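Right, one structure below, let's go through it.
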Amino acid sequence: MEKGQKLYEGKAKILYATADPDLVIQYFKDDATAFNAKKKGTVDQKGVINNKISTKIFEFLKSQGIPTHFEKHLSDREMLVKRVEIVAVEVIIRNRAAGSLCRLLGIEEGRKMVSPILEFCYKRDDLGDPLINEDHIYALELATREEIEDIKKYTLKINELMSKFFAKLNLELIDFKLEFGRYKGKIILADEISPDTCRLWEIGTGKKLDKDRFRHDLGNIEEAYNEVLSRVSQ
Ligand code: TMP
C-alpha cells in the first residue's frame, strides 16, 4: 500500500492517505511527550515497538468482537487503518490510582479502585485535554448520547478483556486511554494501544513497564517497551 499525502501529524503518529478513500496509513514515530508536551524527547525504536504491540492488541480485541479501525500491520512503523472521524473525547479507565488521578484526589499511587473509574477528557491540546463529564460532551455536541453509550459499553468490555489478557502475561493493567472514531455511521475503536497509552505494572514486583519511565525519568524505557512486546508476542 503506497503512502499518499500527509493528512495529519500528531505527537507520536502521522496519518497518510492511500489510494482507497476509506483507508489511511498510521505511521508510528519515536517522539515522546508528557505533561501536555511540556516534556519532549525521543525513545529509540519506540515507533517500531508500539506498532507491533498495538497490532497484537487490536488483533486480540477484534477477535473478541470489538469493532476497530485496525486492518493490518504493513511495515516496521506503518499500520493500515480505516479512515475515521475522531471523536474529540479521550476515554480513560482506571483500575488503580496513578498519574493525574492521584493529583486530582490526593490519593496514593497504587490504591485499588473499588470499581473501575471511567473518565472523559476534551481532546484539546491548547487547553491541556481537560477532564469533562457527559453534560459537557452533549452541551458542546462532541458526541451524541447514543455514541457515548456505545463508547462506554466498548470501553468497559475492553477493560475486562485487556485486564485478563495482560494478567496472563503477568502484567497488571493499571489504567489506559482510548480514542474512538466514526466510520460509516458507527463508533469504532481507533488510535493506538501501547505502553504510551496504558500503565502496566509487573505483577509481584510492581515494576513499571510503560511511559511513566519517560515521564518520571526512571530509565530503561526501550527495555521496558521491549519487555511488553516480548510478552504480548508469546
Ligand atoms: P493520566 O494519569 O496522566 O491522566 O493518564 C491516564 C492514562 O491515560 C495513562 O495510562 C496514560 C494515558 N494517557 C494518554 O494516553 N495520553 C494522554 O495524553 C494522557 C494525559 C494520558
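When a residue number appears, it is its place in the shown sequence, counting from 1. In each ligand, atom 1 is the first atom listed, and ligand 1 is the first ligand listed. Just so you know, these numbers come straight off a predicted model, no measurement behind them.
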Atom pair CG (Leu171) and CZ (Arg199), whose distance is rounded to the nearest 0.5 Å: 15.0 Å

Of all the atoms in ligand 1, which lie at a distance below 4.0 Å from a heavy atom belonging to Phe176? 10 (O)

Geometric class of the Tyr154/Phe180 ring pair [parallel <30°, tilted 30-60°, perpendicular >60°]: parallel

So, does Glu119 sit close enough to ligand 1 that a heavy atom of it is under 4.0 Å from the ligand? no

For atom 11 (C) of ligand 1, is the nearest protein heavy atom under 4.0 Å away? yes

Tell me the protein heavy atom at minimum distance from atom 17 (C) of ligand 1, and give that distance in Å. Glu90 OE1, 4.2 Å

Atom indices of ligand 1 within 4.0 angstrom of Ala98 heavy atoms, with elements: 2 (O)

About how many Å separate CD1 of Ile66 and CZ of Phe60, when rounded to the nearest 0.5 Å? 9.0 Å

Please state which protein non-hydrogen atom is closest to atom 7 (C) of ligand 1 and give its distance, to 0.1 Å? Asp175 OD1, 3.6 Å

If the cut-off is 4.0 Å to any non-hydrogen atom of Thr197, which atoms of ligand 1 fall inside it? 10 (O), 12 (C), 15 (O)

Salt-bridged, Glu222 to Lys46, with N to O below 4.0 Å? no

Can you tell if the side chain of Val24 reaches within under 4.5 Å of the side chain of Tyr8, non-hydrogen atoms only? no

Enumerate the atoms of ligand 1 whose separation from the nearest heavy atom of Gly99 is less than 4.0 angstrom. 2 (O)

for atom 5 (O) of ligand 1, nearest protein heavy atom and its distance come out as Arg199 NH1, 3.5 Å

At what distance is the nearest protein heavy atom to atom 8 (O) of ligand 1, and which residue and atom is it? Lys177 CB, 3.4 Å

Within 4.0 Å of some non-hydrogen atom of Arg215, the atoms of ligand 1 are 11 (C)

Counting each atom of ligand 1 from 1 as listed, which ones have a heavy atom of Asp196 under 4.0 Å away? 15 (O)

The protein heavy atom nearest to atom 1 (P) of ligand 1 is Ser100 OG, 3.4 Å

Can Lys211 be said to touch ligand 1, with heavy atoms closer than 4.0 Å? no

Heavy-atom contacts under 4.0 Å between Cys198 and ligand 1: side chain, backbone, both, or neither? backbone

